[in-house]
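The block underneath contains the structure these notes are about, expressed in structure tokens.
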Amino acid sequence: MAFKMKMLAAALAATAASGSMAASPQDLGKVEQAAPAQKLTVTIALSLRDRDAAARYLQEAHTPSSPNYHKFLTPSEFRARFAPSEASIAKVAARMQVAGLSVKRIGSTLLQVSGPAATVQKAFGAEVHVFQNKSVIQGSAARYTAPVRASSPGVDLSDVQAVIGLDSRPHFRPHLRQLPNHLQPAMDKSAGGVTSGNAPGKWTVTDLARHYNITPLYNKGIHGKGATIGIVTLASFTPSDAFQYWSSIGLAADPNRLTVVDIDGGPGAPDDDAGSSETTLDVEQSGGIAPEAKIIVYQAPNTTQGFVDAFAKAIESNAADTLSVSWGEWEWFDQQAQAVNPVGGKSANVLQTYHDLFLQAALQGQTMFAASGDSGAYDVNRAAPLPQYNKVLSVDSPANQQFITAAGATTVPTTLTFHPNGKEMKVKIPSERAWGWDYLNGLCKALGKDPVACGTFPVGDGGGVSSFISRPFYQNWLPGMRNSPAGQQLVDSSQNPPQVVATLPANFQGRNVPDISMNGDPETGYVVYYTSSKTGFSIQTNNGGTSFVAPQLAGITALLNQSLGGRLGLLNFSLYGLAATGHGYHGFGRHGAPLRDIVAGNNWGYNSHRGYDQATGVGAPDVANLDAALRRYFWF
């Protein structure tokens, strides 16, 4: 029964990329029968030698008074101090090799194991079948593998933390939103010039730079020179789109600035349904903000294994100073369904694998950003929509991780004009607010729709409290932190009787997200230059989502790296340190405040207010002032 529930959860998770349920797939039988030539490759994760010691060193490396301040480690130094010993690695590898499998180390704690399908299944105690989707929908795969039953493993897995890769279904979705037609405001859809500023909805990075006070850094000659941005993604893209975008806003980009690294064979050709627009905007936004920075795109198949392996490559290579990811899913899927070790239905927790990878990145000084989601305070309800499922306060993974900065989204001031039923209606946003489409309730009412039918609920900035990731020590400095709410249980009402899919722990002292926010509402969003696999090249307007904010922050970090002469490491130390003092929102001396407190709006579940909140985090950055504050308080 436990294994069946995990498979049910895995099937639900697989709908997250598309937001819709697919027809039941056809079971083609065991891998060795349905695809005799196919080998199976899995990633196995081992535990760090001493997580507590690594966390202590991380705090020292981010404490200005410590002798280890900014003494970031190389990957080899990290391995020597905190990774499993060479003897432990060799022991596990030997057991796999005796079982007839080949082994390759791909990370400090990760081994890639491969072999004939029957040999892999015997070793890990799993019967893996090939499935064929009857119809291919957005984000799905024509064929995939998945375990269907468990047995005793053929090798000793007692010191293995996670077995990842037996399930090859697409699980993750990009946190990108485009406006449906009925929510389109009345405006000129042409891209327009940027020198005088564009209207919200047609923003480029130039408008973003003006609004968040990045321009003073440009005026000092800071454009990201010497820094490298890494994009971790699960879809490929057309590089010429990015260069055309940069050229259109007057940026002379080095034609050799882009490097693409395929992980696990890569995600295939650019495709609308696979999420190629996400990778495109990630590159355009990050590279547009830091036009002299280099960019490495780590692109992998949309599977849990692909995601983990892409992070491992980006972190082990240590080439990128800052990393951005805009893909994710409800954290419970990672907790229960994603990396199932079929032995006895035991959950092999991929959340712990992320924790160890991101801890290594922070110790190496790499600054990581993750989009917090675009389903407001109800992250699961994009994959499990109403009314079939109920509302559940929930947050996204990997933005829920301790050693990554979770990027939230706001709506910037504007007046939107709509014409429901032929009558003019104006919606005014007087000040920057948390992104939540509750402000469109009047429009939906005029259209005769409730928020669910209108497509506005629960769209907004992802935020809330993790039910599985403990609250990090840097968040203990601030008031406003919350524990996980009570009564959060996901129920499938389409079954008779209704089926409880998941019950979340109440009052857990969890990680609060997001950490920091910027404009991400499609109503006040951005232009994307994109070559569609269906319709060809176009200039799209009114794109949004926290997908934009994560790469934008990576680009901003590249500028700060150049300005300050080195890597920043985990930015949360500085953000929460500034917010805990009066200097965060009030500035110091002749310098203005590095943080703008967002006190209006909500994300359907949490309200913005003074100080930290679960709708916008510590607020929005004033980048020039943040640069000065980092130099003043966190740099020698």
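FYI, the numbering just counts along the sequence from 1.
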Check: Gln360/Asp356 side-chain N/O donor and acceptor closer than 3.5 Å: no
Positive for ring-ring contact (aromatic ring centres under 6.0 Å, His included) with His62, one of Phe72, Tyr57, Phe403, Tyr474: Phe72
Side chains of Gln402 and Gln475, donor plus acceptor under 3.5 Å: no
Close side-chain approach of Pro174 and Ser326, heavy atoms under 4.5 Å: no
Modelled atom types, side-chain donor and acceptor of Ser168 and Thr303, under 3.5 Å: no
Pair Asp515-Asn572, side-chain donor/acceptor within less than 3.5 Å: yes
Parallel, tilted or perpendicular, as decided by the 30° and 60° cut-offs, for the rings of Tyr354 and Phe307: perpendicular
Thr279 and Gln299 side chains, donor-acceptor separation under 3.5 Å: no
Residues Glu316 and Ser108: side-chain donor-acceptor under 3.5 angstrom: yes
Closest non-hydrogen atom pair, Ile295 against Ser286: CD1-OG, 4.4 Å
Short side-chain to backbone donor-acceptor contact, Asp262 and Pro267, under 3.5 Å: no
Backbone N/O of Gly510 and side chain of Asn512: donor-acceptor pair under 3.5 Å: yes
Short side-chain to backbone donor-acceptor contact, Ser397 and Glu329, under 3.5 Å: no
Sole candidate of Thr119, Leu40, Val42 that passes side-chain contact (heavy atoms from CB on, under 4.5 Å) when paired with Phe124: Val42
